[in-house]
Structure formats: C-alpha cells, structure tokens
There are 2 protein chains.
Amino acid sequence: MSTAQVPGATVARLPGYLHALEAVRGTGVVTSEELARAAGVSPAQLRKDLSFLGSYGRRGVGYDVAHLERQIGAVLGVQTRRTVVIVGIGYLGHALASYGGFAERGFDVAALVDADPQVVGTRVAGLVVEPVDALAQVVARTGATVGVIAVPAPYAQDVCDGLVGAGVTGLLTFAPRALRVPDGVTVRAVDVASELQILAFHDARRHEGV
Amino acid sequence: MSTAQVPGATVARLPGYLHALEAVRGTGVVTSEELARAAGVSPAQLRKDLSFLGSYGRRGVGYDVAHLERQIGAVLGVQTRRTVVIVGIGYLGHALASYGGFAERGFDVAALVDADPQVVGTRVAGLVVEPVDALAQVVARTGATVGVIAVPAPYAQDVCDGLVGAGVTGLLTFAPRALRVPDGVTVRAVDVASELQILAFHDARRHEGV
DNA sequence: TAGATTGTTAATCGATTAACAATC
DNA sequence: TAGATTGTTAATCGATTAACAATC
C-alpha cells in the first residue's frame, strides 16, 4: 500500500470517512452513496478518494464496513501508537488533555507542559504538568513525535522551536501565528478567530445579495 | 468593493494577512515579500490574493500597512459587529468563552448555553450559562448570527438544528460529525483528532522513505 | 533616469465532477 | 440474466506559480 501518491485533499478527508464508518459499524456493507452522505461529501468524490488507496469495494454491492475501516485506518497509521505532548495548559490545553477521542485514533497524550509556576505540578487529566524549561527532556523521555501548541501567540514560535529541536516532527498549533519550521516537519494550524471571520465573510456576502 | 468574486482559498487566507499586518503596525509600508514571509505564504500568492480585493499597493514601494489593514478588515466585515452564542460549556467552551481575541475581530460572545443543570446558572467569562431548552429565545434575544458548537458529537446535529431554526446563519463546530444544514447556512468545522491523523499520515510517509 | 515592486497574464498544477464501462 | 454499484476516464473547474510589463 504505497501511500505516496494520495493527494493531500484526499488525505484530509480520510479521517472523516473513518468517523462515518464507525457510525455504521455493525452494518455489513455500505454503498458510496450512504457513506458519502454520512461524511458530507458527494458519492463521486468518495469513490475517487478511495480509489487512491486501492480497490476495496465490490461493484454492484458496496464496501465492507469492517474491511474498509481497517484499510483507511492502516493508511492513516491508526495502529501505530503516537505520543503527544501538549504545551500550554490553559482552558484549551485542559480541553485537549481531557479529550477522550485521541486514544482510539492512535494518539497517547503522554505529557503536559506549561510555563506558569502556578500550573506546573498540578494534576490534569491524570498527568502532572511539567515546566516548559524541561521541554526537551519531556520529549526525549516520552518519545513524543507530535506536539500540540496551545500557548498565547507571542510564545508560539519559541515553543515550536523547542519542540522541533527536541525531535518532534508533527505540530498542531492553535496560536494565530505562522510558524517557521525546517523541512521535514509538518504543521497543521487551527485558528478559531480566522474561522469566525470566514463565516462573517460569507454572511456579509449573503446580505450583499449574492 | 464587490467581494462576490473573491476565491474561497483567498478568503481563507485573509485573516492571516490581517494578523501579519497587526504585527507590523507602526511600520509605514511593507512589501509583498515581507508580508508574505510573516504570513507564511509566497509573495506571488499574496499579491495575487490582494489583487482580488483591488489595487491597494504602490508599485516600486509596497503596501501602506494601515490602509491595507483597513481594506482587508472591510472585506472581512470587521467593522460589522457580530453576535456569537456558544453551545456546550465544557473545557473547550470555557476556552472559547474566555478567548480575548474575538472582540477585535468583530465578534461579541453574547451568550453561553449548556445542557447540564450543574453548569447552567454558573458564571463563565462574565456570562451566566443558560439552559439549552432556551436556545431559541437566547438567539432571538441576543440577535446572534453565529453559533459555536462545542458539545459532544452525538448532540451536535440537534444543537445545529436548534441554532439554524433560531436564525443563525454561520456555524463553527468542533464535533467530529458532518452537519446537515439548509442552503444559506455556512459551516466551518474544526476537528482536532482529524488534524492529528493528518500529521500522522505525513509522519508515516516520511518513515516510508518518500 | 534607474531601481524597485506591484498587478496581471499565462502556464502549470491539482482537485472536483460527471458519465459510463467494468463487474459483482 | 438483470440490476446495481464500483472504479476509472475525461472534462471541467479552481488554485498556484512564475514571469514580466506597468509604474511608482
């Protein structure tokens, strides 16, 4: 299963297909139409996306739910456990640390880090928060390959540098800042204020009469 | 300023440009190269994007920071205050309610709603949490046009329906579920577990030797 | 004028959609 | 076999990139 040639847009939709498949677990077979509706895409797009992974359906029948779930899971590497360290334990960091949905996706939150002495040492979601000075050691000890940045924007690049320097190769940031990383490090950014502004744009357009 | 023909990909980058401009406030003029680096895009893409809005730069000189900030702000409707209601006041809802970055982007969080009787009535970020039964009244009273869905996945569609039924036209959801909405309602979805899986995919690909 | 930088054009690239032959 | 649905092809659409003429 060479995943090298799977388009980025397709990769971004695979987790959604996995979600949709989980929702119909127990059903033996689904058609592209059913699964596409559940995932919020068109049947044509679903089939096209799946065709990049291989031929996992049966013409005239549909897709075997359990089999397809395994295949997509394999492409996304669900069976490979990945260790995550969360930096910044404010409300957002709390929310992420407490989120139960990571484990079944192959992610283990192994450490929490914060700069605030008041927060360091407290217990959050079963983990003791460690000081940001110890970031490199924490990454080394836990073998974390993914870092989540939930600190205020002005500190995001420093935390990013620290994580990358310690060997993390995947970053998820919630700070509204473009992060500079070396080649070989992947960054995904979630910016809530930007999302709201995109909504606002579409809303304004609507009232413009488009 | 007809914004009708601004491509979706461009719209999605405009908030990032606004951020980058804020960072260089005080500087009189920036070139596309400087601003592009700050925003994490190529100079060519920045100029292309801005060209959809109009001709706000001066050849041989660059862009006037204050002027460009006003123009992009206008396209995104920053000056139009929008009222937001947040549904689901767990850690994530707390984080969103407490986030200070919304106000300067034109968003006023006017109400918080939760289904848990233990949470209803408590004060969060200066607002008293209201019961989800009163969702329609809350939307009507506050005039909210944007709804943020931070409830567990199984309740997301119900909350979505309630918000849309009450007149909200923009939705930001954090639940890993495809939401069904009527035409005229815009949905933006943030799915943290999916983001991590996309990181994992790229990481796995790296170890495959691509 | 000479140098710099935008705005725009054209070429390339990637993603989506539609249609249908293959096949269960 | 007849009906259904996939996998794939081809056409369309949209986004990105590169280059350069316009112009400050």
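Each chain gets a letter, A, B and so on, in the order its sequence line appears, and its residues count up from 1. Here the structure is a predicted model, which is why all the values come from computation and not from measurement.
- Between the C1' atom of D:dT6 and the CG atom of A:L35 lies a distance of 13 Å, rounded to the nearest Å.
- Judged by distance alone, the side chains of A:Q45 and A:D49 never bring a donor and an acceptor atom under 3.5 Å apart.
- Taking only side-chain nitrogens and oxygens, B:R47 never comes nearer than 4.0 Å to OP1 or OP2 of C:dG7.
- Looking at every heavy atom in both residues, A:V85 comes nearest to A:V113 through CG2-CG2, 4.0 Å.
- Comparing A:A44 and B:S55 by the nucleotide of DNA chain C that holds the closest heavy atom to each, the one mapping nearer the 5' end is B:S55.
- When distances are taken from the side chain of B:Q45 to each of C:dT6, D:dT6, D:dT16, the shortest belongs to D:dT16.
- Among the nucleotides C:dA15, D:dT8, C:dT8, the one closest to any side-chain atom of A:S51 is D:dT8.
- Candidate nucleotides C:dT6, C:dT17, D:dT17 were compared by shortest atom distance to the side chain of A:S42, and C:dT17 ranks first.
- Of the two residues contacting DNA chain C, namely A:K48 and A:G60, the nearest-nucleotide position lying further toward the 5' end is that of A:K48.
- Spacing between atom CZ of B:R37 and atom P of C:dT5 amounts to 12 Å, rounded to whole angstrom units.
- One interatomic measurement links the two molecules: CG of B:L50 to P of C:dT8, which rounds to 11 Å at whole-angstrom precision.
- Among the atoms of the strands shown, only primed sugar atoms or phosphate atoms (P, OP1, OP2) are found under 4.0 Å from some heavy atom of B:A9.
- Remark: B:T31 is not in phosphate contact with C:dT5, judged by side-chain N or O atoms under 4.0 Å from OP1 or OP2.
- For the OP1/OP2 pair of D:dC24 and a distance below 4.0 Å, the side-chain nitrogens and oxygens of B:Y63 include no atom meeting the criterion.
- Rounded to whole angstrom, the span from the CG atom of A:L46 across to the P atom of D:dT5 amounts to 14 Å.
- Atom pair A:E34:CD and D:dT5:P shows a separation of 8 Å (rounding to whole Å applied).
- For D:dT6, one of the phosphate oxygens OP1 or OP2 lies less than 4.0 angstrom from a side-chain nitrogen or oxygen of A:S32.
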key: A:R141 vs A:E130, salt bridge (Lys or Arg N to Asp or Glu O under 4.0 Å): CA-CA, chis, key distance, verdict   = CA-CA 12 Å; A:R141 189 189 76 228; A:E130 305 182 62; 2.8 Å; yes
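- Looking at B:L92, B:L172, B:V148 one by one, the single match for side-chain contact (heavy atoms from CB on, under 4.5 Å) with B:V190 turns out to be B:L172.
- DNA chain C forms stems at C:3-24 with D:3-24, each a run of 3 or more consecutive Watson-Crick or G-U wobble pairs whose two key distances fall under 3.5 Å.
- The CG-C1' distance, from B:D49 to C:dT9, rounds to 16 Å in whole Å.
- Close to D:dT16, at under 4.0 Å from its OP1 or OP2, lies a side-chain N or O of B:R13.
- As rounded to whole Å, 15 Å separates atom C1' of D:dT6 from atom CG of A:D64.
- Closest to the side chain of A:R59, out of C:dT23, D:dA22, D:dT17, is C:dT23.
- Heavy atoms of other residues, nucleotides or ligands lying less than 6.0 angstrom from OH of A:Y155 number 12 at most.
- At whole-Å resolution of the value, CD in B:Q5 and C1' in D:dG14 are 15 Å apart.
- Shown here for A:G170 and B:L199, the closest heavy-atom pair between the two residues is C-CD1, 3.9 Å.
- You'll find that the side chain of A:P7 is closest to C:dA15, out of D:dT6, C:dA15, C:dT6.
- The ring pair (Phe, Tyr, Trp, His ring centres under 6.0 Å) contacts involving residues 61-87 of chain A comprise A:Y56-A:H67, where partners must be two or more places apart or lie in separate chains.
- Annotation: side chain of B:L68 is in contact with side chain of B:I72 (closest heavy-atom distance under 4.5 Å).
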